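Below: one structure, written as structure tokens.
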Amino acid sequence: MDYNFSAIEGKWQQYWKENKTYKVDIDKAKPKFYVLDMFPYPSGAGLHVGHPLGYIASDIYSRYKRLQGFNVLHPMGYDAFGLPAEQYAIQTGQHPALTTDINIKRYREQLDKIGFSYDWDREVRTCEPEYYHWTQWAFVKMFKHYYNNVTQKAEPIEQLVAEFEQNGNTKIDAACSEIETFTAEQWRAMDEKQQQETLLAYRLAYLADTMVNWCPALGTVLANDEVKEGFSVRGGHPVEQRKMKQWCLRISAYAERLLNDLETLDWTDSLKEIQRNWIGRSEGAEVTFKIDGSDNGILVFTTRPDTIYGATFMVLAPESELVDQLTTPEYKQDVEEYITMAKRKTERERQAEAKKVTGQFTGSYAINPFTEQKIPIWISEYVLAGYGTGAIMAVPAHDSRDFVFAKTFGLPIVQTVSQPGETPTDTATWTESYDAKEGIVINSGMLNGLEVKEAIRTINENIEKLGLGRCKVNFRLRDAIFSRQRYWGEPFPVYYKDGLPYAIDEDKLPLELPEVDAYLPTEQGEPPLGRAKTWHTPEGYPYELSTMPGFAGSSAYYLRYMDPKNDKGLVSKEANEYWENVDLYIGGTEHATGHLVYSRFWNKFLFDLGYVCKNEPFKKLINQGMIQGRSNFVYRVKGTNQFVSYNLRKDYDVTEIHVDVNIVENDVLDTEKFRAWRPEFAEAEFILENGKYICGWAVEKMSKSMYNVVNPDVIVDKYGADTLRIYEMFLGPLEQSKPWDTNGIDGVHKFLRRLWRLFQNANNEVSISNDTATKDELKVIHKTIKKISQDIENFSFNTGVSAFMICVNELTDLKCNKREVLEPLTILIAPYAPHIAEELWHMLGHQQSVCDAQWPEFKEEYLVESSFTCPISFNGKTRFTLDIPLNLPKDEVEKMVLAHEQTARFLDGKSPKKIIVVPNKIVNIVV
RNA sequence: GCGGAUAUGGCGUAAUUGGUAGCCGCGCUAGACUUAGGAUCUAGUGCCGAAAGGCGUGGGGGUUCGAGUCCCUCUAUCCGCACCA
């Protein structure tokens, strides 16, 4: 019987489906293991060969864990809300649900062909009301909670109300937006509207006027992680800053915990580092500088309070509310012009002109609280309104930005830190600032002579003692803007009464997405939901018109998989306590600052409320590398329809043209297919080398426009899913980016055929021997058991494949068809190549699925050798090898080596200076 | 500018973590079987050299009996952040 992969794969996929082989339920008798893939957004283009890479790796791991006796949860679903489907809907008028559904079907077909062990009964789609019910529910919970900084957790808003009744907000330490202090009496005196407005400043889901990334082309607001270099990540449209009323999630309240708990996670250092940078914690002090001739002050944040004696001017963000009152009549016009200029600039322009120093004096002065000198107050773009207090004390001697600013506008520069033993030089001669974090403080009154770290401690004490300010930790992490002015997303479970938002009762959820007549904004510029006829509560209060962003639905999907059909809750306590959290999460690094921050936040919030039992969602995370494309080129002789082969192209004046990689094999162009590829090439002529047309090649992004997209279906049809799975793993380390080149796939396919042939005799009949295996055969299989187990544990799937190849090559050489060897081999390969493994397993006479077999046990005893082939080197260069009995004493080894005839040859008459014997490793003779 | 990662044959890669550099596969060369070969099998294949031998893990330097692996330095590529006070 030949290895008929398509028949075998169809047969077993059917079998798995009929027998629900991958269905999984809570089973307290077995340890659980949760393996998760980042679920895909089902795009219209379908999967290319790069997408399943991580899925295959996690599938291998899942199957391995199952064979080891774990109860493995390995689900899959779809991140189904999103912009592309809606953009398509705008163009075609087709409901996004419809295109989404079609795309999902195609994804499913493609996924099914590859033979994954997903429990499809647990599939979720974020766009279905049964699913987004719980997205909305979590939002309502966030609306109804605030963050208590003292207990470091989310608490019910009622507790806050009780506190306000008692003490106003004078004693509370909670995460909140900017708000005035009020007493209990003042609280009680407020009407409902005022009270609600006040509470809004504390809610974890809150409505606020904020500067947002507005994308006119997409007609929506975007989150910071959805914008890159001033353009939208999806679509690449320009983004501008705008102030708008938006729903936000107070994720900044969790900044400290999000940062600290990174320590507990088994993620790569680079990914943790990205998150640390994104959260951006910095320790410093808040200090008030008095405004000259006024009782008011300017609050600044600084990480270097030790340099305060060198603060020779102050700078405010142009957007700062203080600007108005600080600007003297004399400077009014200049300041206004500057602000207008700054406001008009898009984010893009700001970045392009980042090096250009601009600024404007306000006419006012502040008093440096330590030097007691008058220092000018400026405004400049380089100070950001959104970070710290939107104002800085400028220390030009020790901050490069302040330095450049001072140089440009001729402001004084005072050095306050110097290198020990170094004589301070005239700052007027400096060409750059001295941004040192170490050194001895000078020119700084009470701080003189102290080391920077001591100086910081001393000055902080004084700042607090003098009532000038306090120590403070600042975060770069901003609250997540949660509104999108779009149709295809979760509706907010919110209605408005007197212009104030109220949450819908939890038992009224889900609030289903209404039908609209077009997926465009209304004529009044409202979001598409403004078109829905009955978009209000039964009492007539209008619902929110925005919808939630893409990350809403993906923030808790890993919890929903634990209990996907539950209509009483997101996840039952029982299911959550059994599955706990994700043991292994595999996905791309592109979600480092988006999804992976949001879902950690979401999970922590639910943890605070007691709905989930673990405070982190993903224990271990692996980022698979990107699969790049490998493009092919043909070379057209300019002005002709002639194409010249790669190595001859230098003799002609040619244009390089991308050619579809699917009509090229081993860089040899199929000229007939090329002529048929596009009408303009129908009459193409070729200048060949050795009768072939050789194409050039390059590694590029896999994309349609480069004609280098390879579809997994095509590979599966030609070679089979098992070959695809193994080849994807064989390409290289999982985490590394690498180009896809279909050429190498033959080797893997040949390997599977050789594996198959181990079970067959020369006449192509199944032939398995029940004889006892020889020592050599046992050694081969146990070596492989050891290697494969280790490699899977280390996620080193590429070396695993090579170990299989070595094993099959060696067994082929030994002509081994013993059950004792082939049975464990079949189980070993089942995670990588489940279809052929099932077929072989049944060929071996088993009735159950190979998935229910037991992972073979490795026995060291079969690998023990009596001698070691020892490399003998001279001056570090290996010259020959010698079989030496294991654990032979050093001096005997030395004797044996020196006695060897080859040794004399390499000594060449000289006597050895030194002989190094590393037992069972190497012998090195120094001459 | 800051932070991180990577660099090994024609190509994808491997190397028990300081101990025989190039495993496995592609490609290539030669041969066998064959009406045929984009099938299969056998042998070879880092580079230079007829050979002996020499050279060789991005470049330079160092530690060591011994370095792809450790240290210093430079270069290139990729990724993340970017006026974050």
Side-chain angles (χ1 to χ4, degrees), chain A residues 228-229 268-278 280-282 284 300-304 307 311 315 350-351 353-355 357 380-384 386-395 398-402 404-405 474-478 589-590 592-593 623 625-626 628 630 665-668 670 697 699 726-727 730-733 735-748 750-751 753-754 757 787 790 796 798-806 809 869-881 912-918 920-927:
Chain A
K228 224 178 193 176
E229 287 168 7
T268 59
D269 289 335
S270 74
L271 191 66
K272 287 195 209 177
E273 199 54 35
I274 292 173
Q275 289 219 343
R276 280 190 202 107
N277 290 341
W278 189 258
R281 182 181 197 273
S282 49
V300 301
F301 174 73
T302 174
T303 54
R304 291 296 302 277
T307 61
V315 189
R350 271 197 188 215
Q351 285 184 2
E353 295 169 17
K355 297 264 145 46
V357 184
S380 173
E381 285 182 280
Y382 87 90
V383 174
L384 305 177
Y387 183 76
T389 62
I392 62 158
M393 65 174 208
V395 183
H398 305 293
D399 181 288
S400 51
R401 296 152 306 177
D402 298 345
V404 175
F405 195 82
N474 241 315
F475 291 96
R476 203 187 76 109
L477 183 74
R478 314 289 168 80
T589 181
E590 66 273 18
T593 53
N623 289 121
M626 262 219 303
Q628 295 148 310
R630 186 182 186 278
E665 196 159 324
N666 280 332
D667 294 333
V668 177
D670 185 324
W697 64 275
V699 173
I726 295 181
Y727 188 56
F730 188 60
L731 280 177
E735 282 122 309
Q736 205 170 292
S737 286
K738 56 242 162 187
W740 176 272
D741 181 0
T742 307
N743 287 332
I745 205 166
D746 274 330
V748 165
K750 263 188 240 171
F751 152 71
R753 280 212 300 261
R754 291 178 65 138
R757 238 174 290 132
K787 177 82 175 139
Q790 271 175 2
S796 178
N798 55 325
T799 53
V801 175
S802 137
F804 278 126
M805 288 174 170
I806 294 167
N809 287 349
T869 306
C870 184
I872 311 300
S873 57
F874 293 77
N875 292 333
K877 283 196 170 86
T878 304
R879 294 302 179 175
F880 60 93
T881 60
K913 255 194 217 156
K914 195 173 175 186
I915 301 178
I916 288 130
V917 179
V918 185
N920 309 331
K921 269 269 163 69
I922 199 164
V923 173
N924 190 21
I925 299 166
V926 186
V927 186

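Computation of the quantities below employed the complete heavy-atom set of this structure, encompassing side-chain atoms and omitting hydrogens, waters and symmetry-equivalent molecules. Per chain, numbering begins at 1; letters A, B, ... match sequence-line order. Everything numeric in this text was worked out from a predicted model, so none of it was measured.
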Phosphate OP1/OP2 of B:rC2: any A:Ser400 side-chain N/O under 4.0 Å:
no
Identify which nucleotide among B:rA85, B:rG4, B:rC24 has an atom closest to any side-chain atom of A:Phe730, counting heavy atoms from C-beta outward.
B:rC24
Does a nitrogen or oxygen in the side chain of A:Ser282 sit under 4.0 Å from OP1 or OP2 of B:rA85?
yes
What is the nucleic acid contact for A:Arg630, judged by heavy atoms within less than 4.0 Å: base, sugar-phosphate only, or nothing?
nothing
For B:rA82, take OP1 and OP2 only and decide whether either is under 4.0 Å from a side-chain N or O of A:Arg476.
yes
Please confirm whether any donor atom in the side chain of A:Asn277 sits under 3.5 Å from an acceptor in the base of B:rC81, or the reverse.
no
At less than 4.0 Å, is any side-chain N or O atom of A:Asn798 found next to OP1 or OP2 of B:rC24? Yes or no.
no
So, does A:Asn920 get its side chain near the phosphate of B:rU16, meaning an N or O under 4.0 Å from OP1 or OP2?
no
Every stem of 3 or more Watson-Crick or G-U pairs under 3.5 Å that RNA chain B joins, in order of first number, is B:1-7 with B:75-81, B:10-12 with B:24-26, B:27-32 with B:40-45, B:46-48 with B:53-55, B:58-62 with B:70-74
Short N/O separations, protein against nucleotides 26-33 of chain B, under 3.5 angstrom:
{"residue": "B:rC26", "atom": "OP1", "partner": "A:Lys750", "partner atom": "NZ", "Å": "3.1"}

Looking at residues at least two apart in the chain, or sitting in another chain, which of them share a side-chain hydrogen bond (donor to acceptor under 3.5 Å, both in side chains) with A:Asn277?
none
Mind calculating the distance between OH (A:Tyr727) and C1' (B:rG12) to the nearest angstrom?
7 Å
